[in-house]
Amino acid sequence: MGHHIIAGTLIPGRGEPISDGTVVLDGDEIVFAGRTTDAPGRSSEDTVTEVDTVLPGLWDCHAHFAGLTDPDLMKIATASPITSTARAVPDAAALLDAGITSVRDVGGLGLKMQPAVEDGSIRGPHIHAAGRILSTTGGHGDIHALPLDFVHDVTCQHGFSILCDGVPEVTRAVRLNLRDNAKLIKVCASGGVMSEIDHPMHQQFSDEELGAIVAEASRAERIVAAHCHGKAGIMAALRAGCHTIEHGSFLDEEACDLMLEKGAMLVPTRFVVEALLPQMDLLPRYVYEKGTMVADAHAQSLKLAIAKGVKIAAGCDIFVSGAMYGQASREILHLINAGMTDLDAIEAATAIAPDTLGPQAPLSGQLKAGFDADVVAFDTNPLDDRSVWGDASRVTHVWQLGSRVK
Ligand SMILES: [Zn+2]
């Protein structure tokens, strides 16, 4: 028995849109996507849904489930991980309702939530998770105002970060994440904005440590995602063979060229920059100061990367529980505003997105026979009306592995 989704417009993820299209699902797989006139005949047992516009389920390639109530990472230290997970459960459902059927969780509770999503205990996108972020002592994954041993315990319990220094410790940190079934490894290769003392322009981890992290991950067919703002961290991550650059705030011509040469991808996360800047009064003072320093450079870097043809995937970097998760598709609009065509921005959130997982990529992100039956429908064609991006109420249907979940 098949399910036929008949659409006024079919946007396949890669390639040109099709007017009067049909997607046929059989079990958890797409068996046909194309013109309705070419679709296989329907038997009396087949079911039918008519929609306005159909797309592949969207991806958020830089997600976090943290259960924080405001944008202050220090709060991790004062909440039980169970309480935080309880807060993150509706965030997962909100992503799904917004049309996000897959996320790449780059640090947080997602690794432990993933089995509960897959067995149907909670609603949420497929979670491909990194587990704990590898950070140097004093680096972006540290909480600098708190005693070090306490930080180590609390950040590990929350699945947030693991502090490690030197080749033996970073190698062990990768292995600990692999032991938890992490599908990728996340590392802080530069300082960050949300942490207190460290500087976004400084490289974190030595070339030798980054090389050891990539080597250990590669042996298990995992890619390494590198958080980087400053150029020194970006270049070190690329030299070491990291597959994705997260944020990439200070990319220049040379760095873009090295990304192209290495076949590395950029996950710019413009969403979080745009979302946090208007909330400055809620942020710790150091976040405000570092955030304003990074924001404009980040906008220029993104435009340059698009113009240079760097491979880009959509990711949001939302880490505060609540309404933002329902707005995750707005990253597509940010990519359009930075210079992408509408179709290229959609591809960044669909067909290109699984590539951020390297060898662990599922067959997802395209309306194409043989791909996972993760499918979304909107109430209008997003190529004609960009107001759908960021608005979950415009998502009329969501199918996940062939089951209708909205
Ligand atoms: Zn992040």
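Computed from a predicted structure; not experimentally measured. All ligand and atom numbering here is 1-based and tracks the order in the structure.
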Distance below 2.8 Å from the Zn ion (ligand 1): protein N/O/S atoms: His62 NE2, His64 NE2, Asp317 OD1
Do NZ/NE/NH1/NH2 and the carboxylate oxygens of [X] and [Y] come within less than 4.0 Å?
| X | Y | answer |
| --- | --- | --- |
| Arg172 | Glu169 | no |
| Arg123 | Asp97 | yes |
| Glu274 | Arg330 | no |

Quick one: which of Lys186, Arg104, Arg270 gives a salt bridge (charged side-chain N to carboxylate O under 4.0 Å, His left out) with Glu246? Arg104
Would you say the side-chain atoms of Asp374 pair up with the backbone N or O of Gln400, donor to acceptor, closer than 3.5 Å? no
Heavy atoms of other groups near Glu208 CD, more than 12 under 6.0 Å: no
